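All of these numbers come straight from a predicted model, not from anything done at the bench. Reminder, nothing fancy here: chain letters follow the sequence lines and each chain counts from 1.
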2 protein chains.
Amino acid sequence: MGRRRTVTSVQIAREAGVAQSTVSRVLNGGSVSEETRRRVLDVVAKYDFQPSQAARSLVGTRSGLIGVVIRDLTNPFYPVMVKAVERVLHQQGLRLSLVTDVMTPEEGLALLRREGVDGVVFTSAVQDDPLAHRMLKHDIPVVLCHRTLEDFPADQVEADNATAGRLAADHLLSLGHRHVGMVCGSAGASTAQQRGAAFRDRLRAHGDVTLTEVDGDYDYATAYGAVRTLLSGDRRPTALFCHNDIMAYAALNAAAAAGVRVPDELSVVGCDDVPLSAWERIDLTTVRQPLERIAQVGVELLVQRLDEPDLPPRREVLPVEFVERSTTAPASRI
Amino acid sequence: MGRRRTVTSVQIAREAGVAQSTVSRVLNGGSVSEETRRRVLDVVAKYDFQPSQAARSLVGTRSGLIGVVIRDLTNPFYPVMVKAVERVLHQQGLRLSLVTDVMTPEEGLALLRREGVDGVVFTSAVQDDPLAHRMLKHDIPVVLCHRTLEDFPADQVEADNATAGRLAADHLLSLGHRHVGMVCGSAGASTAQQRGAAFRDRLRAHGDVTLTEVDGDYDYATAYGAVRTLLSGDRRPTALFCHNDIMAYAALNAAAAAGVRVPDELSVVGCDDVPLSAWERIDLTTVRQPLERIAQVGVELLVQRLDEPDLPPRREVLPVEFVERSTTAPASRI
DNA sequence: CTGAAAGCGCTTACAG
DNA sequence: CTGAAAGCGCTTACAG
């Protein structure tokens with residue numbers, strides 16, 4: 001109880017025999033004589049003085065805090081994303097304020113505003129995203145990473161999801177699959193829309209292919225259930241395109257539970273290429289998304305915007321890459 | 001550029017026709033007449049006013065921020081831990097400030113001090129942990145979750161790791177394994193020490209068993225390499241106890257890469273029981289650690305200590321549970 | 001119950 | 001180059 005005794009710049013100043021404003025100038029790179037600087041820094045070092053971030057952001061124009069909005073941290077996709085974002089932020093001297101699904105969007109918005117974040121990185125925006133629109137309304141810079149929104153006046157970075165869907169379709173078609181299933185991501189997610197549309201178009205253009213779509217909501221349990229149902233039906237597909245890796249893992253596991261052999265009886269293609277996918281026990285054929293790059297470009301766009309708020313909104317689309325592993329095989333094997 | 005125009009309590013006060021201190025009282029539950037309260041809350045609602053956290057923590061005695069120190073977020077163990085901690089903190093109205101391996105311990109310490117965290121949750125302390133000791137020296141309350149330290153005057157919560165090691169040993173012994181390998185966690189980690197010692201003791205007590213130990217450093221890549229080497233040697237063990245699940249996955253994958261069949265040629269036991277372990281493609285025999293409980297008890301201990309800093313340090317040990325799945329089998333099968 | 005005032009620890013013009 | 005002073009947006013005694 002009572003406040004912890006912390007050294008302040010006033011005490012540093014007193015001990016160094018200078019004004020408090022001089023300490024501030026030394027720490028923030030103002031013009032100070034070499035001797036004064038040395039004297040102050042000695043005292044700073046002696047106490048390992050750290051200026052209060054609260055005081056700084058109260059008086060300054062920046063808090064140095066960036067909100068990072070994700071969904072479920074236990075979905076293997078997000079740790080990779082958060083880590084990449086965190087790394088870039090840290091290089092820029094910025095701190096991260098995490099908003100996840102342990103709170104409601106309203107609570108998240110309130111927290112981010114109270115904390116006075118300089119900007120927000122969204123990684124899982126959905127159409128009509130309540131949080132994203134309201135941040136913008138509050139005049140807080142926003143960048144959409146990974147998932148994007150139509151007619152949303154903010155910077156956006158995404159993978160070339162249309163190509164991802166097309167590559168997946170071409171691969172399965174070339175293996176001779178003619179009865180195909182698609183495990184879709186959340187309806188409001190741009191990634192699901194783009195990947196799904198491109199995949200669908202490609203099959204349609206090819207002709208002579210049956211496509212069955214089920215909803216996996218980008219969620220392991222949902223996808224697991226959907227695939228089990230799909231596999232127990234009488235018109236079982238010979239191949240599955242899943243809109244992300246986590247749902248592909250669900251498909252792999254559901255197939256195992258149903259006694260359906262992969263890839264002999266069922267081919268599975270994912271999307272993202274999370275590190276797990278390269279494990280021998282998984283070894284998932286998938287489309288790699290440049291996650292590190294997306295995070296890096298996203299944070300860079302945001303940081304630029306902090307300096308120039310009136311820049312027109314920019315959109316970056318980053319290339320994907322097909323990664324063939326062992327969960328796909330020719331349809332003829334059956 | 002220029003500060004964003006944010007509504008402040010002064011403006012709320014002006015519009016409600018009261019003093020600024022009255023707004024503060026309404027928001028913090030001071031004594032205010034029903035009518036005044038209503039008038040203020042109307043204006044607060046109109047602007048969706050959020051009091052500045054920076055100002056609050058500058059003047060108040062608490063920042064409401066709790067540091068959470070982990071290592072690598074992409075190790076599947078930590079997202080589960082962080083999520084559990086975050087959930088409990090959020091229930092308590094506290095915010096989390098994440099420190100990971102994207103920064104050095106020194107940088108982490110500096111950040112946590114600048115931010116004025118009320119306390120810190122450590123999830124991966126090691127003996128002589130530089131950060132943990134220095135936090136305490138700076139008089140900041142600390143709780144050690146999951147991993148603990150000898151002679152460290154702070155609250156600590158951990159699983160019953162000795163029992164975990166014993167259960168793993170008993171299981172493998174009862175299956176008839178007499179040439180056993182152990183993939184150890186980081187030398188400085190209490191979990192590795194306790195699990196390792198109990199496992200070792202049990203084998204020694206049984207007698208007639210060869211134990212080969214390798215270092216996996218609680219790291220996927222390190223464990224993978226160590227197991228590959230172990231499996232290519234001439235005295236290949238028939239069973240492996242890995243000090244955590246992530247290293248067990250590495251063992252499973254290394255075995256697959258080496259063409260060693262699990263469980264027929266090699267039994268593998270992990271420790272932790274992360275959600276991944278239940279996947280059909282993994283289906284790992286392991287010892288479950290009550291992660292949610294550890295997080296919850298840890299945060300509770302910390303929150304109590306914020307109110308009563310002079311409480312003697314407490315230590316909680318939570319029970320583990322053996323989970324038999326399909327990565328273990330009798331040694332006689334070979 | 002309510003208001004005026006002090007003060008938290010800084011940054012940033014403003015003088016000198 | 002350096003110091004004195006204002007002020008960021010709150011909470012918390014202190015009067016009334």
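Contact annotation: B:Ser24 does not reach the phosphate of D:dC10 (side-chain N/O to OP1 or OP2, under 4.0 Å). One finds no side-chain N or O of B:Ser57 lying less than 4.0 angstrom from the OP1 or OP2 phosphate oxygen of D:dC10. Look at A:Ser9 and you'll find a side-chain N or O under 4.0 angstrom from OP1 or OP2 of C:dC10.
At most 12 heavy atoms of other shown residues, nucleotides or ligands fall within 6.0 angstrom of atom CZ in B:Arg38.
Nucleotide D:dA13 forms a pair with no other nucleotide shown, judged by Watson-Crick or G-U wobble geometry with both contacts under 3.5 Å. Under the Watson-Crick or G-U wobble criterion, with both distances below 3.5 Å, C:dA4 is left unpaired in every strand shown.
Residue contacts shown for A:Ser31 include a base, since a base heavy atom lies under 4.0 Å away. If you check every strand for non-hydrogen atoms under 4.0 Å, A:Val23 touches nothing.
Separating the CD atom of B:Glu34 from the P atom of C:dT2 is a distance of 10 Å, rounded to the nearest angstrom. Rounded to whole Å, atom P of D:dG9 lies 18 Å from atom CZ of A:Arg56. With rounding to whole Å, A:Ile12 atom CD1 is found 9 Å from C:dC10 atom P. For A:Gln20 and C:dC14, the CD to C1' distance is 15 Å, given to the nearest whole Å. Separating the CD atom of B:Gln11 from the C1' atom of D:dC10 is a distance of 13 Å, rounded to the nearest angstrom. Nucleotide D:dC1 holds its C1' atom 12 Å from the CZ atom of A:Arg39, rounded to whole Å. Straight-line distance from the CD atom of B:Glu35 to the C1' atom of C:dC1: 12 Å, rounded to whole Å. Going from atom CD of A:Gln53 over to atom P of D:dC8 covers 19 Å, rounded to whole Å.
Checking C:dG9, C:dC1, D:dC10 against the side-chain heavy atoms of B:Pro51 singles out D:dC10 as nearest. Distances were taken from every side-chain heavy atom of A:Ser33 (C-beta onward) to each of D:dA5, D:dC1, D:dC10; the shortest belongs to D:dC1. Side-chain proximity of B:Phe49 to the nucleotides D:dT12, D:dC10, C:dC10 is greatest for D:dC10. In the set C:dT2, C:dA5, C:dT11, the nucleotide with an atom closest to the side chain of B:Ser21 is C:dA5. For B:Thr8, counting side-chain heavy atoms from C-beta on, the closest listed nucleotide (C:dC10, D:dC10, C:dT2) is D:dC10. Here D:dA4 is the nucleotide among C:dT12, D:dA4, C:dC8 with the atom lying nearest to any side-chain atom of A:Ala19. Distance from the side chain of B:Leu58 is smallest for C:dC8 among the nucleotides C:dA4, C:dC1, C:dC8. Looking at the side chain of B:Thr22, the nearest of the listed nucleotides D:dT11, D:dC8, C:dG3 is C:dG3. Checking C:dT2, D:dT11, C:dC10 against every side-chain atom of B:Val32, the shortest atom distance belongs to C:dT2. Side chain of B:Ala55, nearest nucleotide from C:dT2, C:dT11, D:dC10: D:dC10.
None of A:Asn28, A:Val40, A:Val43 except one satisfies the side chain to side chain contact (heavy atoms under 4.5 Å, CB included) rule with A:Val23; the exception is A:Val40.
Ion pairing between a basic and an acidic side chain is recognised when a charged N comes within 4.0 Å of a carboxylate O; B:Asp48 and A:Arg113 show such pairing.
For the atom pair CG of B:Leu318 and CD of B:Glu158, the computed distance is 9.5 Å after rounding to the nearest 0.5 Å. Between the CD atom of B:Glu115 and the CZ atom of A:Arg95 there is a distance of 4.0 Å, given to the nearest 0.5 Å.
Judged by distance alone, with hydrogens and angles left aside, A:Arg25 brings a side-chain donor or acceptor within reach of the base of D:dG3, the pair sitting under 3.5 Å.
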Begin from the C-alpha positions of A:Thr191 and A:Tyr218 and carry the test side chain to side chain donor-acceptor pair (under 3.5 Å) through to its verdict.
CA-CA 10 Å; A:Thr191 47; A:Tyr218 279 146; 2.7 Å; yes
